[in-house]
Every structure is written in C-alpha cells, then in structure tokens.
Amino acid sequence: MKLLVCGGAGFIGSNFVRQRVREHGDDVIVLDKLTYAGRRENLQDLEQVELVVAGIEDADAVRGAAEGVDAVVNFAAETHVDRSIAEPDAFVQTHAVGTWVLLEAVREAGLRYVHVSTDEVYGSIEEGSFTESSPLEPSSPYSATKAGADLLVSSYFHTYGTEAVICRGSNNYGPYQYPEKLIPLMILNALHGDHLPVYGDGMQVRNWIYVEDFAAGIGHTLTHGVPGEVYNVGGPDECPNLEVVRRIIELTGGDESQIEYVTDRPGHDRRYSLSSDKVRALGWQPQVRFAEGLERTVDWYRENTAWWEPIRSGDYREYYERHYGRSLG
Ligand code: NAD
Ligand code: DAU
C-alpha cells in the first residue's frame with residue numbers, strides 16, 4: 001500500500017510509520033510542518049521514507065504529496081491541552097483549516113482517509129465508558145477544535161461520499177513522546193532529580209494505551225474500517241495521575257519528595273474512559289498492559305539520551321519556565 005501520512009514526524013505518527021514500513025511493507029510519504037513537536041530524528045531509522053516539510057493547510061503541497069497514494073492517514077495536529085489554553089490560534093488553524101484542505105484533496109483524488117482523533121472530544125466521564133455514539137462535549141480549545149475537525153470529516157462522508165474513517169484514541173505513551181506530556185515529563189524530571197509537578201489533587205484518571213497498540217488500531221481501521229464510521233481505540237488500563245507518578249518514581253529510582261502539587265489546569269477533565277468494542281469486533285485488541293508498557297517506556301528514555309537531550313536543553317526550557325514558573329535543573 002502507498003500511504004501519505006500527515007503529521008508522521010510526531011510521536012504517534014512516527015511509531016505508525018515505523019510499523020507500516022517494517023510490518024506491512026508499505027511505501028510511505030510523510031507530510032509534516034515540523035513544529036516544535038515534529039522532528040526529523042523521529043524518522044531517522046527509516047531512510048526509505050520521504051519527508052515533505054509543509055503544513056496540511058498548504059493545498060498545493062498536499063495535492064503534490066498525495067499524488068499516486070492509495071490512502072491518507074492524518075495525525076497532524078497541535079496536541080498539548082495546556083498550550084491550547086495559553087495560545088489557541090494554531091489549534092484552530094491546523095484542526096479546522098488544515099483538515100478541510102486535506103478533505104478537499106482526498107475528495108478530488110477519490111482517496112481513502114483515516115482521521116486520527118481523541119477521546120477528549122467526548123469530555124469527562126465519572127463512571128462507565130464512552131461509546132462512539134456518546135455526545136461530543138469537549139472542554140478545552142484543543143478538544144473543541146478536534147471535535148470540530150471530526151464533524152467536518154463526517155460531513156464529507158455524508159455529503160460527498162468521501163471514504164473517511166475516524167479513529168479516537170485514549171492517552172498514548174511510549175517512545176518518541178515529547179516531554180511536555182505527563183509520562184515523558186515525569187520520567188525525565190525523575191531521572192534528573194527535578195520536581196514532579198502534579199496538577200490539583202492528582203486523582204484525575206486517564207485510560208492509557210501503549211503507542212504501538214494505538215498505531216496497530218489505526219492500521220486496522222485503515223484496512224478493515226467501514227467508511228463513515230467512528231472507532232474508539234482505548235487502552236486496557238486506567239490509572240490516576242498520582243499513581244502513574246509513583247510508579248515512575250519506582251522505575252527510575254526517584255524520590256517521593258520530588259512530587260510537588262501545583263495549580264490545577266483550568267477546566268481539567270477528571271476522567272477519560274473508552275469502550276473499544278466496535279474496533280475489537282473488527283479483530284483488533286491491545287497487547288501491552290500499562291505496567292509492562294511503562295517499564296519499556298522508562299527503559300527507552302534511559303537508553304535514548306541523544307533523542308531527548310537536544311529538546312531538554314533547547315526552547316523547551318523557556319516553555320517549561322513560562323508554564324511551571326520554575327526552571328529545570
Ligand atoms: P505530536 O504533537 O507528537 O505530533 C503532531 C505532529 O503534527 C508533529 O509532527 C507536528 O510537526 C505535526 N503538525 C502540527 N501541525 C501541523 C500542520 N499544520 N501541518 C502538518 N503537520 C503538522 O502529537 P501526537 O501525540 O503524535 O498526536 C498525533 C495525533 O493523535 C493528533 O491528531 C492527536 O490529536 C491524536 N491523539 C493523540 C493522543 C495522545 O495521547 N498523544 C491520544 C489520542 C489521539
Ligand atoms: O486522551 C487523549 C489525549 O491525551 C490526547 O488527545 C492529547 O493530545 C494528549 O496530550 C493527552 O491529553 P492529556 O491532557 O490527558 O495529557 P497530558 O499528558 O497533558 O496530561 C495527562 C494528565 O496529567 C492530565 O490529567 C494532566 C496531568 N498533568 C499533566 C502534566 C503535563 C499533571 O498533573 N502534571 C503535568 O505536568
């Protein structure tokens with residue numbers, strides 16, 4: 001299969017590309033704007049993959065890159081909730097305009113399209129799990145613009161018959177995740193003896209999925225998903241943030257005294273939980289439990305200092321100071 005993978009230089013996108021090339025023998029072109037989160041280094045071991053540096057909102061670049069492909073898989077997005085609260089502009093631009101430009105390109109060329117989305121579009125749930133027919137009640141500028149993009153994708157199926165599938169994932173973790181997100185941030189801070197900033201009471205619950213499992217779920221909907229349908233792809237385990245941090249302390253040899261309770265995120269969603277029965281019925285299931293995946297992830301960050309050192313010593317420090325009001329050691 002020949003694929004155009006948008007946002008393929010980011011965390012999940014690069015894991016997906018690696019899986020498609022190595023396990024399925026696909027021919028892949030990546031189109032990525034290389035924002036702070038997108039890095040050439042994430043694809044360094046995949047020399048056969050062509051990287052087109054452009055935004056999904058650039059219609060000419062998208063049309064050119066999509067020539068001759070069988071399908072487009074879109075990961076391109078601004079993905080950090082805290083950044084969406086501080087500066088929502090890029091979220092609106094990429095999720096609304098960018099998704100529209102991509103949809104026009106796939107409509108014109110008659111291509112299959114997989115849109116990567118998130119459980120955050122459903123909002124927070126106290127008990128039970130969201131199904132694909134749960135109402136969309138997003139709470140942050142990140143999730144609201146992602147929900148808007150999902151609705152636009154559905155409209156292209158209903159109006160033009162575009163062969164589009166939407167895949168909503170739960171919280172991913174694993175290799176190549178930018179250390180603004182909870183797990184890699186806590187691993188690197190724990191290894192460096194820095195503080196471990198827990199928002200609010202730390203009892204917010206996330207439904208963790210190992211990135212290779214999510215990548216496989218997306219691949220599964222690419223080949224088996226029914227056009228016009230939404231598929232939830234959730235992880236096998238749920239865990240409150242404080243317990244995640246404590247497990248990381250154990251795995252890294254950090255210390256409980258590094259935990260610091262900091263001001264909560266405005267509008268913080270309390271719990272996410274996905275029912276994935278629909279994609280399981282297509283034959284997918286997660287392979288990696290949280291305890292094992294977290295251990296693998298800690299090992300990867302320990303062994304790949306050359307990947308994260310340039311991030312931790314660059315612009316990230318300014319972001320960190322601005323956001324947490326203190327510097328890294
Ligand atoms: P990431 O921030 O690591 O990567 C995003 C990638 O998109 C980067 O390579 C970036 O350069 C690129 N990008 C951003 N704006 C672009 C634009 N306008 N044009 C082209 N490229 C652009 O994010 P991620 O965690 O890998 O998330 C990928 C997708 O999966 C997103 O759509 C996200 O909403 C979704 N998702 C993420 C999670 C998670 O836990 N990380 C869970 C469920 C769904
Ligand atoms: O649920 C899927 C979503 O998961 C994706 O769509 C998003 O792109 C991804 O960023 C992620 O969103 P979260 O907001 O859940 O992830 P984050 O890693 O930012 O935070 C996870 C939890 O940890 C959340 O409850 C906030 C908390 N947290 C986070 C950070 C960065 C802290 O307590 N301290 C922190 O420093």
Side-chain angles (χ1 to χ4, degrees), residues 5-16 30-40 42-43 51-58 61-62 73-85 90-91 93-95 97-99 101-102 115-122 124 140 142-143 145-146 149-150 167-174 176-186 189 195-209 211 214-215 218 232-235 239-242 244-245 259-265 268-274 320 323-324:
V5 179
C6 301
F11 163 50
I12 307 173
S14 62
N15 277 283
F16 175 79
V30 167
L31 181 136
D32 196 297
K33 200 173 182 175
L34 298 186
T35 65
Y36 73 95
R39 301 179 74 212
R40 285 178 192 278
N42 295 355
L43 299 168
L51 172 63
V52 177
V53 181
I56 53 169
E57 61 279 10
D58 179 342
V62 167
V73 184
N74 180 31
F75 293 86
E78 291 290 334
T79 59
H80 195 38
V81 174
D82 294 328
R83 290 188 195 249
S84 85
I85 294 166
F91 291 75
Q93 184 67 18
T94 292
H95 303 170
V97 179
T99 304
V101 169
L102 277 185
H115 188 77
V116 181
S117 186
T118 169
D119 58 2
E120 297 201 17
V121 297
Y122 299 116
S124 191
S140 69
Y142 164 68
S143 51
T145 51
K146 288 293 289 183
D150 285 13
C167 223
R168 294 186 180 138
S170 61
N171 276 67
N172 278 240
Y173 67 102
Y176 300 97
Q177 188 168 32
Y178 195 81
E180 64 189 349
K181 307 284 166 40
L182 180 77
I183 288 183
L185 183 148
M186 294 295 174
N189 282 18
H195 77 144
L196 305 174
V198 171
Y199 295 167
D201 63 2
M203 293 313 289
Q204 303 82 7
V205 172
R206 295 295 183 262
N207 181 188
W208 295 101
I209 185 164
V211 65
F214 187 41
I218 295 164
N232 288 345
V233 183
C239 192
N241 295 338
L242 197 54
V244 173
V245 174
I259 294 178
E260 192 178 306
Y261 292 91
V262 300
T263 310
D264 207 352
R265 171 185 283 173
H268 199 168
D269 285 337
R270 198 73 183 160
R271 176 171 172 261
Y272 299 138
S273 177
L274 282 183
Y320 199 94
H323 184 62
Y324 293 99

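When a ligand or atom number is given, it counts from 1 through the structure's own listing order. The figures here come from the full heavy-atom set of this structure, side chains too, leaving out hydrogens, waters and symmetry mates. In this chain, residues are counted from 1 in sequence order. Not measured: the values here are computed from a predicted model.
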Closest protein heavy atom to atom 26 (O) of ligand 1, given as residue, atom name and distance to 0.1 Å = Ile12 N, 2.8 Å
request  = For Gly169, counting its heavy atoms only, list the atoms of ligand 1 lying under 4.0 Å from any of them.
outcome  = 43 (C)
request  = Tell me which protein heavy atom sits closest to atom 34 (N) of ligand 2, plus the residue, atom name and distance to 0.1 Å.
outcome  = Pro197 O, 2.8 Å
task = Pull out every atom of ligand 2 sitting under 4.0 Å from any heavy atom of Tyr324, numbered as shown with elements.
result = 30 (C), 31 (C), 35 (C), 36 (O)
task = Verify, without hydrogens or angle tests, whether Asn189 (side chain) and His195 (backbone) share a donor-acceptor contact under 3.5 angstrom.
result = yes
remark   = Filtering Ile12, Val244, Leu182 for the heavy atom nearest atom 21 (C) of ligand 2 leaves Leu182
remark   = Heavy atoms of Pro240 and Met203 approach each other most closely as CB-CE, 4.1 Å
query = Has ligand 1 got any nitrogen or oxygen that is less than 3.5 angstrom from a nitrogen or oxygen of Arg39?
reply = no
Heavy atom of Gly8, distance to ligand 1 below 4.0 Å = no
ask   = Counting each atom of ligand 2 from 1 as listed, which ones have a heavy atom of Val198 under 4.0 Å away?
value = 33 (O)
inquiry  = Could you check whether any side-chain N or O of Thr94 sits under 3.5 Å from a backbone N or O of Phe91, counting only pairs where one atom can act as donor and the other as acceptor?
reply    = no
message = Just to confirm my output: which protein heavy-atom neighbour is closest to atom 27 (C) of ligand 2, and how far is it?
response = Asn241 ND2, 3.4 Å
message = Just to verify, what does Asp58 make a salt bridge (Lys or Arg N to Asp or Glu O under 4.0 Å) with, not counting sequence neighbours?
response = none
message = Quick test: of every protein heavy atom, which one is nearest to atom 9 (O) of ligand 1, and how far off is it to 0.1 Å?
response = Asp32 OD2, 2.6 Å
request  = Enumerate the atoms of ligand 1 whose separation from the nearest heavy atom of Glu57 is less than 4.0 angstrom.
outcome  = 17 (C), 18 (N), 19 (N)
ask   = Can you list the atoms of ligand 1 that are under 4.0 Å from a heavy atom of Ala9?
value = 9 (O)
inquiry  = So, regarding Tyr142 and ligand 2 (criterion: nitrogen or oxygen to nitrogen or oxygen, under 3.5 Å), is there a contact or not?
reply    = yes
query = Any N or O on Asn171 sitting closer than 3.5 Å to an N or O of ligand 1?
reply = no
message = Give the atom numbers and elements of ligand 1 that come within less than 4.0 Å of a heavy atom of Val116.
response = 29 (C), 30 (O), 32 (O), 35 (C)
query = Taking the minimum heavy-atom distance to atom 29 (C) of ligand 2, which of Tyr199, Phe11, Tyr173 ranks first?
reply = Tyr199
task = Decide whether an N or O pair under 3.5 Å exists between Asn74 and ligand 1.
result = no
ask   = What residue and atom, counting heavy atoms only, is the protein's closest point to atom 20 (C) of ligand 1, and at what distance?
value = Lys33 N, 3.3 Å
ask   = Does Tyr272 reach ligand 2 with a nitrogen or oxygen that is under 3.5 Å from one of the ligand's nitrogen or oxygen atoms?
value = no
task = Note the single closest protein heavy atom to atom 4 (O) of ligand 1, along with its residue, its atom name and the distance in Å.
result = Gly10 CA, 3.5 Å
key: Those atoms of ligand 1 less than 4.0 Å from some heavy atom in Tyr142   = 33 (C), 34 (O)
note = heavy-atom search around atom 40 (O) of ligand 1 in the protein gives Asn172 N, 2.9 Å
task = Taking only heavy atoms of Ser117 into account, list the atoms of ligand 1 that are under 4.0 Å away from them.
result = 43 (C), 44 (C)
task = Taking atom CZ of Arg40 as the centre, report whether more than 12 heavy atoms of other residues, nucleotides or ligands fall under 6.0 Å from it.
result = no
task = Look at Arg270 together with Asp201 and state whether they make a salt bridge at an N to O cut-off of under 4.0 Å.
result = yes
inquiry  = My understanding is that we take every heavy atom of each candidate and find the minimum distance to atom 3 (C) of ligand 2. Doing that for Lys181, His323, Glu120, His80, which one comes out nearest?
reply    = Glu120
inquiry  = Is there a polar contact between ligand 2 and Trp208, counting only N or O atoms under 3.5 Å apart?
reply    = no
task = For atom 4 (O) of ligand 2, find the nearest protein heavy atom and state the residue, atom name and distance (0.1 Å precision).
result = Asn171 ND2, 3.1 Å
note = When distances are taken from atom 14 (C) of ligand 1, the protein heavy atom at minimum range is Ala77 O, 3.3 Å
request  = Ignoring angles and geometry beyond distance, decide whether Gly55 reaches within less than 3.5 Å of ligand 1 through its nitrogen or oxygen atoms.
outcome  = no
query = Got the closest protein heavy atom to atom 9 (C) of ligand 2, with its distance?
reply = Thr79 O, 3.8 Å
Option whose closest heavy atom lies nearest to atom 19 (O) of ligand 2, chosen from Arg265, Arg271, Glu180 = Arg265
inquiry  = Give me the nearest non-hydrogen protein atom to atom 15 (O) of ligand 2 as residue plus atom name, then the distance to 0.1 Å.
reply    = Arg206 NE, 2.8 Å
ask   = When you measure from atom 31 (C) of ligand 1 to every protein heavy atom, which one gives the shortest distance, and what is it?
value = Phe75 O, 3.3 Å
inquiry  = Test your reading of the structure: does Phe11 have an N or O sitting under 3.5 Å from an N or O of ligand 1?
reply    = yes
inquiry  = For ligand 1, which is the ligand I care about here, please tell me if Thr79 has any N or O atom under 3.5 Å from one of the ligand's N or O atoms.
reply    = yes
request  = List in chain and number order the residues that pass side-chain contact (heavy atoms from CB on, under 4.5 Å) with Val97, two or more places apart in sequence or in another chain; answer none if no residue qualifies.
outcome  = Glu57, Gln93, Trp100, Val101
task = Could you grab the distance from atom CG of Asn15 to atom CG of Asn172, nearest 0.5 Å is fine?
result = 8.5 Å
task = Report yes or no: does Asn232 contribute a side-chain atom to a donor-acceptor pair with the main-chain N or O of Leu274 at less than 3.5 Å?
result = no
note = Near Ala54 (heavy-atom distance under 4.0 Å), the atoms of ligand 1 are 20 (C)
ask   = Closest approach of Val233 and Cys167, non-hydrogen atoms and distance?
value = CG2-SG, 3.8 Å
ask   = Which heavy atom of the protein is the closest neighbour of atom 2 (C) of ligand 2, given with residue, atom name and distance?
value = Asp119 OD1, 3.1 Å
query = For Gly38 and Asp32, which heavy atoms make the closest approach, and how far apart are they?
reply = CA-OD1, 4.3 Å
query = Looking only at atom types and distance, does a side-chain atom of His80 sit under 3.5 Å from a main-chain N or O of Tyr142, one as donor and one as acceptor?
reply = no
query = Which of the numbered atoms in ligand 2 are below 4.0 angstrom from a heavy atom of Gln204?
reply = 25 (O)
key: Side chain Lys146, main chain Val116, donor-acceptor under 3.5 Å   = yes
task = Find the distance between OH (Tyr176) and CZ (Arg39) and round it off to the nearest 0.5 Å.
result = 10.5 Å
inquiry  = Closer than 4.0 Å to some heavy atom of Lys146 - which atoms of ligand 1 meet that?
reply    = 31 (C), 32 (O), 33 (C), 34 (O)
key: Distance-only N or O hit between ligand 2 and Asp82, under 3.5 Å   = no
request  = Look at the aromatic rings of Phe16 and Phe75 and report parallel, tilted or perpendicular, splitting at 30° and 60°.
outcome  = tilted
request  = Would you mind finding which of Thr94, Thr145, Ile56, Val211 brings a heavy atom closest to atom 19 (N) of ligand 1?
outcome  = Ile56
ask   = Which residue and non-hydrogen atom of the protein lie closest to atom 10 (C) of ligand 1, and at what distance in Å?
value = Thr35 OG1, 3.3 Å
ask   = Within 45 degrees of the axis of the six-membered ring of Tyr173 and under 6.0 Å from its centre: does Arg206 put its NZ or CZ there?
value = no
task = Grab the two heavy atoms, one from Arg271 and one from Ser124, that are nearest each other, plus how far apart they are.
result = N-OG, 3.1 Å
Ligand 2 contacted by His268 (non-hydrogen, < 4.0 Å) = yes
